[in-house]
There are 2 protein chains.
Amino acid sequence: MYTLDRSLIANLAPFAGLTPQDLDHILAKARPARVAEGRPVFEQDAEAHSFFLLLDGHVRVVKTTADGEQVIMRYVSSGQLIGIAKALGRSSYPATAVAAVDCMLLAWPSEAWSELTLRYPGFAANTYKAVGERMEEAHDRMVELATAQVDRRVAHALLRLAKQTGRKTDEGMLIGFPITRQDIADMTGTTLHTVSRLLTAWEYLGLVKSTRKKVTVVDAERLQEHVGG
Amino acid sequence: MYTLDRSLIANLAPFAGLTPQDLDHILAKARPARVAEGRPVFEQDAEAHSFFLLLDGHVRVVKTTADGEQVIMRYVSSGQLIGIAKALGRSSYPATAVAAVDCMLLAWPSEAWSELTLRYPGFAANTYKAVGERMEEAHDRMVELATAQVDRRVAHALLRLAKQTGRKTDEGMLIGFPITRQDIADMTGTTLHTVSRLLTAWEYLGLVKSTRKKVTVVDAERLQEHVGG
DNA sequence: CGACACTTTGATCCGATTCAACCATCGTGG
DNA sequence: CCACGATGGTTGAATCGGATCAAAGTGTCG
């Protein structure tokens, strides 16, 4: 058995303010995991046996309704915790998490949660701050879903993803993982047809550029304005 | 100066498991407040100077967008905490809270938050459990807004309100506070016109009954089925 | 190269908003 | 106490944003 190096997590937000000893102790309970693109990290309604830290990659968090409709709740980038059901008093996962690309994670057994938060109040505070941010994000999306037209919702989704995960290329900000028209539709509550039409229209206007599973935001400001922001 | 009686809060979820002494100490820091129907308890973006416990009444939590559109995030019933911005690492209120009827509240200065959670871990746990529940609620509404038709969204809103706040009458469950067509529209992301049409149609079918600012769910099961549940 | 996953585009349809007008109920002040 | 303005509610007609239905095109991988 090897030892995980603390440099893996030392600079990540959830562990801000912890000592090297703390980090080592926390890492001692973790187990590394690899999840291939398209495979689940955990599944909706399954018993929440573990929580995870995404070290590298991107994960899509999806809720599926009783009648089979899907909604993408959010995309998780590296450095963030996922599956922290226990932190919010749940014993099962509220959604499915799917690797959007090949991912590296650390996994802790859920029982470790209460011990870690008790022993490291800073860790708990960091986590609840993150929960607060997610809550706010959720509220913002609720407002948007309730009031904004489809074009605005799609534009905002692209702008958010480009900002959060974009890599600068000579054409603009390329969203940092493969994403289909269907995925975008599932984030915004519309259909792949409408997303396709919007993207072609925007490409024609020079606002975005896209190919199979790749979307680049060419001109964020004009895209923003174009949908009225 | 008088003393607040601990029986005011002894049986409420946020204070479950605390001793009488704990309760007295917590109450010593609280200040009672009355807010008349239609008046704000706190306002969006204002500095979060206090958090509150709703002792009696109903409060509507509303977000207003830059372009003046309103969305009702939730209704708060008595016994619940509101305005706990500090618990989630915020320094301003994310929304406006308006008294839906005349309300009685207790108010604590925000600085008391960290002291209370540190001294009473049970209080903290109770709170985060509640936060988890709200998070889940928010997610459910996101899914619903993204996938369900207007009639289903309106029906679910009414069923939820009837269950949470309803008072049994000889006609069914009467929603426990005055609510207008516009309010229902603001909860579900539609217009007062559509809500009005739905309510008249459902009244004709014997599913609901409504007059000015009052809505009664007559037959919850059939209403549920009618929108496909 | 063939199969499959993803994308585009046209045509049609419908739910829900918008526009418009009117009615009902409530509270207030002359 | 009644009149009047304000707030809340209803209903019809026109319109339109997007979903749905349908079909064909294109890139990718085994």
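Just so it is clear: chains get the letters A, B, ... in the order the sequence lines come, proteins before strands, and each one is counted from 1.
- When the salt bridge (Lys or Arg N to Asp or Glu O under 4.0 Å) test is applied to A:D56, no partner is found at least two apart in sequence or on another chain.
- Put simply, the side chain of B:R152 gets close to the backbone of B:V227: a donor and an acceptor are under 3.5 Å apart.
- When atom types are taken as modelled, the side chain of A:T200 and the backbone of A:S196 share a donor-acceptor pair closer than 3.5 angstrom.
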Interface polar pairs with nucleotides 3-5 of chain D, N/O, under 3.5 angstrom:
none

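- In terms of heavy atoms, B:P40 sits closest to B:V35 at O-CG1, 3.9 Å.
- Heavy-atom distances under 4.0 Å link DNA chain D to B:R212, B:K213 of residues 205-216 of chain B, given in residue order.
- When B:T165, B:V98, B:I175 are each tested for a side-chain contact (heavy atoms from CB on, under 4.5 Å) with B:H58, only one passes: B:T165.
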Between N or O atoms, less than 3.5 Å apart, protein on one side and nucleotides 16-19 of chain D on the other: list the pairs.
residue: D:dG18; atom: OP1; partner: A:V150; partner atom: N; Å: 2.8
residue: D:dA19; atom: OP1; partner: A:T190; partner atom: OG1; Å: 2.9
residue: D:dA19; atom: OP2; partner: A:T190; partner atom: OG1; Å: 2.8
residue: D:dA19; atom: OP2; partner: A:T191; partner atom: OG1; Å: 3.4
residue: D:dA19; atom: OP2; partner: A:T194; partner atom: OG1; Å: 2.4

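- Nucleotides of DNA chain C that come within less than 4.0 Å of any heavy atom of chain A span, from the 5' end to the 3' end, C:dA5 to C:dA11.
- Test B:L81, B:V41, B:V61 against B:V76 for side-chain contact (heavy atoms from CB on, under 4.5 Å) and you get one pass: B:V61.
- Evaluation of the salt bridge (Lys or Arg N to Asp or Glu O under 4.0 Å) rule for B:E136 yields A:R90 as partners, not counting sequence neighbours.
- Shown here for A:A97 and A:V59, the closest heavy-atom pair between the two residues is CB-CG1, 3.7 Å.
- Of all the heavy atoms in B:A138 and A:A138, the pair that sits closest is CB-CB, 4.4 Å.
- The aromatic rings of A:W202 and A:H226 sit perpendicular, their planes meeting at an angle over 60°, well past the 30° parallel limit.
- Annotation: salt bridge (Lys or Arg N to Asp or Glu O under 4.0 Å) contacts involving residues 137-149 of chain B, sequence neighbours excluded, comprise A:K63-B:D140.
- Residue A:L192 is in base contact, counting any heavy-atom pair closer than 4.0 Å across all strands shown.
- Of the possible donor and acceptor atoms, none in the side chain of A:Q164 sits under 3.5 Å from a partner among the backbone N and O of A:S77.
- Here B:R31 pairs with nothing under the salt bridge (Lys or Arg N to Asp or Glu O under 4.0 Å) rule; sequence neighbours left out.
- Close to D:dT10, at under 4.0 Å from its OP1 or OP2, lies no side-chain N or O of B:T200.
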Tabulate below the donor-acceptor pairs under 3.5 Å that side-chain atoms of residues 206-218 of chain B make, not counting sequence neighbours, or state none.
residue: B:K209; atom: NZ; partner: B:E171; partner atom: OE2; Å: 3.3
residue: B:S210; atom: OG; partner: B:R181; partner atom: NH2; Å: 3.0

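- Of the residues in residues 171-185 of chain A, not one places a heavy atom less than 4.0 Å from an atom of DNA chain D.
- Without hydrogens or angle criteria, A:R153 side chain to A:A148 main chain gives a donor-acceptor distance under 3.5 Å.
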Compile the donor-acceptor pairs under 3.5 Å between side chains in residues 102-110 of chain B and protein atoms, sequence neighbours left out, one pair per line.
residue: B:D102; atom: OD1; partner: B:E37; partner atom: N; Å: 2.7
residue: B:W108; atom: NE1; partner: B:I26; partner atom: O; Å: 3.0
residue: B:S110; atom: OG; partner: B:A48; partner atom: O; Å: 2.6
residue: B:S110; atom: OG; partner: B:H49; partner atom: O; Å: 3.2
residue: B:S110; atom: OG; partner: B:S50; partner atom: N; Å: 3.3

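- Direction change of the helix axis from one end of the helix from C:dC1-D:dG30 to C:dG30-D:dC1 to the other is 30°, with five pairs defining each end axis (rounded to 10°).
- Using bins of under 30°, 30° to 60° and over 60° for the plane-to-plane angle, the ring pair B:Y93/B:F52 lands in the tilted bin.
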